[in-house]
Amino acid sequence: MKKIVTLVALCLIATLTPAPGAAADVTGPPVLNAPVFNDPLADSGTPGTPSAAQSAVMDQLIRLIRAAKAGSEIRFVNHQFSPGHRSTEVADALIQAHQRGVQVKVILDDMENGANDEITARLKAVLGANESAGSYIIGCEYPNPATVDRGCIGRNYLHSKFATFSAIEVNGTTHGNVVFQTSSNLSDWYLYNSYNDAFTLTDATVYNGYRKYFDDLREGRRRAVNPGYYWTTPTGSTYRATFFPRAASSGDPIVNILKLIKCRYQDTDGVHRQTDIRLVLTHFNKHRLAIAKELTRLRGENCWVDLVYYKSADGTGNADATVRAELARTVNGRRIQVTPCRFTVGNRSVVPHLKLMMTDGFYDDDITPRVYTGSANFTHLENADDAQIRIAGREVHSQYLSYFYKVRDTCKART
C-alpha cells in the first residue's frame with residue numbers, strides 16, 4: 001500500500017526549503033552533446049555535503065532545468081526521486097521553472113516502498129496532476145496506486161531516467177531539442193554510493209522520439225500492459241534511441257548488436273587490430289543469458305571483452321549464477337576479463353550503477369566506436385519501461401573509455 005499524504009503534509013513539503021547540509025549552489029552552464037560522470041569517492045571533506053564530482057550528474061540536470069526558457073517545455077521521467085542533498089534541489093529547480101513560465105510535465109514510478117511519496121507530494125502541490133494542464137506530475141499506477149502494481153507500459157515498473165527540453169539558453173544562445181539521459185535515480189545513494197553517467201544531446205529526431213515515448217508512457221498507464229512495445233529511432237546518424245519493453249520472443253537487441261561484430265579488422269592505415277567490447281552493468285541475469293553466450297563466443301574469436309558488474313552484498317545476485325558460469329567459460333583458450341565490484345569506503349559501500357556497453361572495432365559495415373548507455377539493465381526485456389541511447393564516434397567513446405578504466409581499475413584495486 002502506498003503511504004497516504006495528508007493535506008497538511010502537502011503544504012509543508014511544498015515549501016522551497018533546501019535539504020539539511022545542502023552543498024553550495026550549482027553554477028555554470030550545462031554541457032551539450034557530451035557526457036558527465038560522477039565520482040562517489042571524491043568526498044568534499046564536509047560530512048553530508050557532496051563534492052562537485054559526486055554530484056556531477058545531478059548538477060548537470062539542475063543546470064539544464066535552470067536554463068529552460070520561459071514558454072518552453074520540460075518532460076521529466078524517473079524511477080526513484082527522493083529527498084537528498086542534490087535531489088531536493090532538482091525538485092526545487094522544477095518548481096522554479098514552472099513558476100517562471102515553463103511547462104513542467106513529470107512521470108514517476110509509483111514505488112511500493114514509498115520512496116517517491118515526499119517528492120511527488122511536493123511537486124503535486126505546485127504542478128497539480130491535471131494532464132490537460134501545462135504542468136503536472138503523475139504516476140504509472142492509474143487510477144489507484146493502492147490497488148495497481150505495474151509500469152506505465154511494462155509489466156512491473158517504470159525504470160526510465162530522462163528529461164527533454166524544448167528550448168534552453170546557454171551563454172546567450174538558444175538550443176532546442178535537448179535530451180538528458182542518465183543511469184542515475186535521484187537520492188543521496190546516487191551521490192555517495194554508486195558510479196553513474198549522463199549524456200546530454202541536441203538532436204531533433206531523437207528528441208521527438210523521447211517526446212513520443214513520454215506520451216506513450218502517459219497514455220499507456222490507462223491501457224493493458226504492452227510487453228512488446230519496443231521501437232527505435234532511425235539509424236545512420238550519431239545518435240539513436242531505443243525504447244523498452246520488448247517481447248522476449250522477438251529476440252535480444254544486444255545480442256543482435258554483438259552478432260554484427262567481427263573480432264579482426266583493418267584500421268584506416270591497413271593495420272590489423274582486434275575489436276574491443278567493454279561493459280559496466282548493474283543487473284545481468286538468466287533472462288539475458290544469450291548476451292553472455294555471445295560475449296564468450298566473441299572472446300573465443302579473440303575479441304577483447306572486459307566486463308564489470310555490481311556485486312551484491314552477498315556476492316551473488318546482480319550477475320546471477322547462470323550468467324556468472326557462462327562468463328567464466330574458457331573458449332579457445334581465452335576468457336572474458338570479469339570484475340565484480342563492491343567495496344567499502346568508511347561506512348558506505350560503493351558499486352557501479354551504470355548500464356553501459358562500448359564497442360571499438362568492426363561492427364556491421366564500419367569501424368566507428370559506439371557507446372550504448374541509458375537506464376536499461378540486462379534483465380527481463382518485457383518487465384520495465386526503459387530507454388537507451390547509442391552514440392557513435394571516437395571522441396565520446398574516448399571519454400567513456402577513460403571513465404571505464406577509472407571504474408574498473410578502482411574496483412579491481414579495492415574489491
Side-chain angles (χ1 to χ4, degrees), residues 19-26 28 30-31 34-63 78-90 115 159 161 180-200 278-284 306-315 317-319 339-358 371 373-375 377 399-415:
D25 192 25
V26 178
V31 302
V36 295
F37 309 103
N38 82 319
D39 183 353
L41 304 190
D43 291 335
S44 67
T46 304
T49 300
S51 69
Q54 288 172 319
S55 62
V57 170
M58 294 190 206
D59 290 357
Q60 168 73 357
L61 179 55
I62 291 168
R63 291 182 179 108
N78 211 284
H79 172 64
Q80 181 192 345
F81 195 173
S82 304
H85 295 128
R86 274 297 191 236
S87 49
T88 296
E89 292 180 56
V90 174
H159 194 247
K161 314 162 203 307
F180 168 88
Q181 172 65 67
T182 184
S183 67
S184 180
N185 294 307
L186 298 170
S187 76
D188 281 351
W189 191 86
Y190 301 93
L191 302 174
Y192 305 118
N193 296 83
S194 59
Y195 291 97
N196 287 281
D197 73 318
F199 195 89
T200 305
R278 298 178 175 92
L279 309 95
V280 188
L281 303 174
T282 305
H283 290 281
F284 191 1
D306 200 344
L307 186 151
V308 181
Y309 73 84
Y310 176 135
K311 179 181 177 183
S312 56
D314 63 1
N318 288 61
T339 305
C341 182
R342 186 184 192 91
F343 57 89
T344 301
V345 178
N347 62 357
R348 69 184 193 267
S349 292
V350 176
V351 294
H353 190 255
L354 300 152
K355 300 92 171 59
L356 173 65
M357 184 172 79
M358 307 160 56
V371 173
T373 189
S375 66
N377 290 312
Q399 292 172 300
Y400 270 90
L401 182 60
S402 294
Y403 191 62
F404 173 87
Y405 285 142
K406 179 178 183 176
V407 173
R408 186 202 63 186
D409 293 349
T410 302
C411 292
K412 288 178 70 174
R414 291 175 173 262
T415 298

Exercise. Verify, without hydrogens or angle tests, whether N318 (side chain) and T282 (backbone) share a donor-acceptor contact under 3.5 angstrom.
Key: yes
Quiz item: Stepwise, does the side chain to side chain contact (heavy atoms under 4.5 Å, CB included) test hold for M58 with V26?
Solution: CA-CA 10 Å; M58 294 190 206; V26 178; over 6 Å; no
Self-check item: Close side-chain approach of D197 and Y400, heavy atoms under 4.5 Å
Solution: yes
Quiz item: Would a 4.5 Å heavy-atom cut-off, applied to side chains only, mark F199 and V371 as touching?
Solution: no
Quiz item: Does A115 offer a backbone N or O that forms a donor-acceptor pair with the side chain of S82 under 3.5 Å?
Solution: yes
Quiz item: With no hydrogens and no angle check, is any side-chain donor or acceptor of H159 less than 3.5 Å from a backbone partner on S375?
Solution: yes
Quiz item: Is the shortest heavy-atom distance from the side chain of Y192 to the side chain of P40 under 4.5 Å?
Solution: no
Self-check item: Pairs flagged by salt bridge (Lys or Arg N to Asp or Glu O under 4.0 Å) wherever residues 36-49 is involved - sequence neighbours left out
Solution: D39-K406, D43-R348
Quiz item: Hey, are N38 and Y403 close enough side-chain-wise for a donor-acceptor pair under 3.5 Å?
Solution: yes
Quiz prompt | Minimum side-chain heavy-atom gap F180-V57 below 4.5 Å | solution = yes
Practice problem: Please round to the nearest 0.5 Å and tell me the distance separating atom CG of D409 and atom CZ of F404. | Solution: 8.5 Å
Quiz item: Is the shortest heavy-atom distance from the side chain of L41 to the side chain of R414 under 4.5 Å?
Solution: yes
